[in-house]
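Read the structure below first, then the notes.
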Amino acid sequence: MVTVRSFLLTLNVIFLTQPYNFSESATAECTLTGNSLENLSSILTTCKEISIANLQVPANETLALHAQNDSIITFEGNITFGYNERTGFLMTIRGNNITVVGAPGHLLDGGGARWWDGLGGNGGKRKPYFVQLRLKNSLLIGLNVKNTPKHCFRIYYSEDVILTDITYNNLDGDTQGGHNTDAFGISNSKNITITNCIVFNQDDCIAIMSGSGHVITNNFCYGGHGISIGSVGGRDNNVVKNIFIKNNTVVNSENGIRIKTNYNTTGIVTNVTFDDITIENITDYGFLIRGDYLNSGPTGNPTRGFELSHLNFRNIHGTVQSGGTNVYVLLSNGVASNWTAEDIKIVGGLKKDVQCLGIPSDCGLSCKDHNGGPSQYLSLFLLSTLIFLIVLR
Ligand SMILES: *[C@@H]1O[C@H](CO)[C@@H](O)[C@H](O)[C@H]1NC(C)=O
Ligand SMILES: *[C@@H]1O[C@H](CO)[C@@H](O)[C@H](O)[C@H]1NC(C)=O
Ligand SMILES: *[C@@H]1O[C@H](CO)[C@@H](O)[C@H](O)[C@H]1NC(C)=O
Ligand SMILES: *[C@@H]1O[C@H](CO)[C@@H](O)[C@H](O)[C@H]1NC(C)=O
Ligand SMILES: *[C@@H]1O[C@H](CO)[C@@H](O)[C@H](O)[C@H]1NC(C)=O
Ligand SMILES: *[C@@H]1O[C@H](CO)[C@@H](O)[C@H](O)[C@H]1NC(C)=O
Ligand SMILES: *[C@@H]1O[C@H](CO)[C@@H](O)[C@H](O)[C@H]1NC(C)=O
Ligand SMILES: *[C@@H]1O[C@H](CO)[C@@H](O)[C@H](O)[C@H]1NC(C)=O
Ligand SMILES: *[C@@H]1O[C@H](CO)[C@@H](O)[C@H](O)[C@H]1NC(C)=O
Ligand SMILES: *[C@@H]1O[C@H](CO)[C@@H](O)[C@H](O)[C@H]1NC(C)=O
Ligand SMILES: *[C@@H]1O[C@H](CO)[C@@H](O)[C@H](O)[C@H]1NC(C)=O
Ligand SMILES: *[C@@H]1O[C@H](CO)[C@@H](O)[C@H](O)[C@H]1NC(C)=O
């Protein structure tokens with residue numbers, strides 16, 4: 001059984017075995033430390049090896065790391081942020097060919113509990129996002145983020161970026177009112193890779209709203225809403241294509257994997273592969289695709305404005321709690337085409353009479369093979385008894 005403890009241990013192993021060579025260290029003039037951003041702009045214009053070390057970012061300010069091409073930014077020690085109710089971002093990172101490294105033992109501590117009120121982005125205190133990335137040809141490695149006010153990584157207008165060996169530990173939010181603490185949100189971007197990351201949060205582990213060429217591999221997600229395409233629709237870019245999602249684990253979460261398109265909007269989701277996904281102890285839906293999404297609650301009426309084509313599902317397995325649903329698809333007829341599904345083995349959800357709508361007829365995915373709890377085993381038993389009797393005759 002997967003436990004928080006064993007994954008916190010894995011987390012330490014990842015930090016100790018990180019391949020990055022930390023010996024290059026910024027000089028004192030290129031180090032931002034203390035409790036002021038006063039020297040930030042001169043450091044960014046004169047240095048390409050920058051260290052952000054034991055920094056307390058003042059309340060209401062944004063640590064804007066808009067670096068020269070080919071810069072290396074290293075976080076060292078404890079980076080904290082002053083509190084006030086505000087919107088925007090606590091930090092932004094922009095540039096071309098930027099390497100962002102977390103030195104062993106560093107912590108980016110968002111101090112999220114000061115903002116948490118159980119309402120996230122839907123009301124209550126005004127809360128900043130944690131970090132916005134606008135990067136090209138860049139690498140983020142070994143970052144250790146804790147307790148963000150709401151969403152953590154917002155990736156916009158970025159191309160060819162790898163995020164690897166990142167831990168996002170928002171476990172405190174489970175008991176202290178963390179909400180909308182999505183780990184990675186990707187929009188308007190191309191070729192974003194998220195790999196070997198560990199997430200403990202209260203909303204989507206990964207949410208792909210738009211873009212192409214994204215690769216999501218070897219990640220562990222705990223406590224949130226699972227790995228999502230979407231919600232798609234109603235934004236400036238509503239196309240998601242050529243997405244590869246493989247070898248990810250989703251534990252103790254609301255959903256395993258899902259694709260959600262917004263009610264009464266238009267767009268395309270095409271050529272998406274989910275392969276080798278392990279889910280465990282999912283409360284709501286193991287596998288969910290719905291075309292009726294609304295943030296305030298799905299309408300139950302999927303709309304026709306989308307194409308969901310060339311979706312491939314392979315080896316998706318694991319458990320849903322008895323009160324949940326193993327597999328659910330709710331799409332308008334004709335919206336979906338050219339899907340393939342093999343080795344979908346999601347068990348445990350006992351919700352009966354689940355009616356799926358809009359699954360392409362010949363794709364190998366059928367709602368009733370997966371749902372209905374004990375009756376699914378009963379029908380298997382009856383079928384095998386029948387075959388046995390026929391063989392006996
Ligand atoms: C790390 O970098 C330093 C200087 O750039 C180099 O001397 C050293 O060999 C490197 N270590 C490893 C393990 O690559
Ligand atoms: C800014 O840099 C100058 C020169 O290196 C240094 O004397 C000063 O203490 C720095 N200010 C802060 C707030 O770190
Ligand atoms: C916070 O910053 C914003 C924008 O920079 C400004 O409008 C606002 O007055 C600031 N609030 C406080 C409390 O300083
Ligand atoms: C920075 O990199 C971009 C993309 O490679 C390039 O277009 C731009 O000219 C570079 N800027 C400088 C100042 O070298
Ligand atoms: C990217 O930046 C690194 C330094 O971080 C530099 O060694 C490398 O040459 C740069 N790559 C390109 C394509 O400019
Ligand atoms: C980082 O600083 C914050 C605020 O001072 C503190 O609460 C936290 O314990 C520190 N974390 C570490 C790892 O030193
Ligand atoms: C994204 O990756 C694809 C396939 O590797 C490549 O053809 C394309 O040029 C890349 N796009 C960008 C914007 O880097
Ligand atoms: C799958 O991901 C896990 C981390 O979640 C990693 O330990 C394992 O090596 C990966 N397997 C493959 C075949 O890449
Ligand atoms: C479909 O997406 C995969 C990545 O999963 C990519 O390698 C492939 O080229 C895409 N196919 C087409 C026809 O674009
Ligand atoms: C499964 O999730 C529930 C919350 O939905 C939690 O109370 C329970 O401890 C989890 N089981 C395991 C084995 O982690
Ligand atoms: C659908 O959206 C259009 C505008 O895009 C709006 O006029 C219409 O009322 C909406 N229909 C429903 C049922 O929400
Ligand atoms: C689905 O595949 C069939 C043949 O394999 C093709 O004729 C059809 O255009 C495809 N549909 C889409 C939406 O790509």
Side-chain angles (χ1 to χ4, degrees), residues 1-10 18-27 30 41 43-52 65-75 93-103 118 133-143 156-164 169-179 181 189-191 193 198-205 220-226 249-256 278-286 288 317-326 346-351:
M1 191 54 71
V2 186
T3 63
V4 176
R5 211 180 102 77
S6 70
F7 272 86
L8 289 174
L9 288 173
T10 316
Q18 230 169 68
Y20 196 83
N21 184 348
F22 289 102
S23 63
E24 292 178 272
S25 179
T27 59
C30 295
S41 62
I43 288 175
L44 291 170
T45 49
T46 56
C47 304
K48 287 198 169 185
E49 279 177 30
I50 297 159
S51 171
I52 309 294
L65 301 170
H66 303 176
Q68 297 177 72
N69 285 4
D70 314 326
S71 293
I72 301 173
I73 300 170
T74 304
F75 290 109
I93 308 178
R94 297 187 186 163
N96 295 300
N97 189 27
I98 309 296
T99 303
V100 182
V101 184
L133 305 179
R134 282 186 183 227
L135 292 165
K136 292 193 172 152
N137 291 304
S138 296
L139 170 69
L140 282 84
I141 179 165
L143 302 186
Y156 293 111
Y157 301 100
S158 294
E159 287 173 15
D160 298 295
V161 181
I162 298 172
L163 296 98
T164 182
N169 178 359
N170 248 44
L171 261 185
D172 292 342
D174 285 349
T175 50
Q176 296 175 37
H179 194 70
T181 53
S189 296
K190 289 182 179 151
N191 299 358
T193 296
I198 298 176
V199 170
F200 298 90
N201 72 341
Q202 296 79 33
D203 206 315
D204 289 329
C205 181
F220 175 79
C221 304
Y222 183 102
H225 293 178
T249 300
V250 181
V251 178
N252 289 15
S253 296
E254 258 183 40
N255 311 286
T278 304
I279 66 173
E280 190 178 307
N281 196 30
I282 301 300
T283 55
D284 292 16
Y285 298 97
L288 173 64
H317 59 271
T319 58
V320 171
Q321 292 179 13
S322 58
T325 303
N326 298 325
I346 304 173
V347 299
L350 297 185
K351 273 237 177 94

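We're numbering straight along the sequence, starting at 1. Note that ligands are numbered from 1 as they come in the structure, with each ligand's atoms numbered from 1 the same way.
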- prompt: Strictly by modelled atom types, are Gln202 and Thr181 linked by a side-chain donor-acceptor pair under 3.5 Å?
  reply: yes
A student checking ligand 10 against Asn281 at a 4.0 Å heavy-atom cut-off should list atoms 1 (C), 2 (O), 3 (C), 8 (C), 10 (C), 11 (N), 12 (C), 14 (O)
What I want to check is whether the side chains of Asn96 and Asn69 have a donor and an acceptor closer together than 3.5 Å.
yes
Looking only at heavy atoms, the pair that brings Asp70 and Ile98 closest together is N-CD1, 4.3 Å
So the atoms of ligand 10 within less than 4.0 Å of a heavy atom of Gln321 turn out to be 1 (C), 2 (O), 3 (C), 4 (C), 5 (O)
*Among the heavy atoms of Glu280, does any lie under 4.0 Å from an atom of ligand 10?*
no
Point to revise | Donor-acceptor pair between Asn137 and Glu159 side chains, under 3.5 angstrom | key: no
Within the 4.0 Å heavy-atom cut-off around ligand 5, the contacting residues, ordered by chain and number, are Asp70, Ile72, Asn97
Side chains of Thr278 and His317: is there a donor and an acceptor less than 3.5 Å apart? yes
One finds that the ligand 10 atoms under 4.0 Å from a non-hydrogen atom of Thr283 are 5 (O)
Check: Relative to the ring of Phe220, is the ring of Phe200 parallel (under 30°), tilted (30 to 60°) or perpendicular (over 60°)?
Finding: perpendicular
A student checking ligand 10 against Asn252 at a 4.0 Å heavy-atom cut-off should list atoms 1 (C), 10 (C), 14 (O)
Looking only at the side chains, is there a donor atom on one of Tyr285 and Asn255 sitting less than 3.5 Å from an acceptor on the other? no
When you compare the side chains of Asp204 and His225, does any donor N or O come within less than 3.5 Å of an acceptor on the partner? no
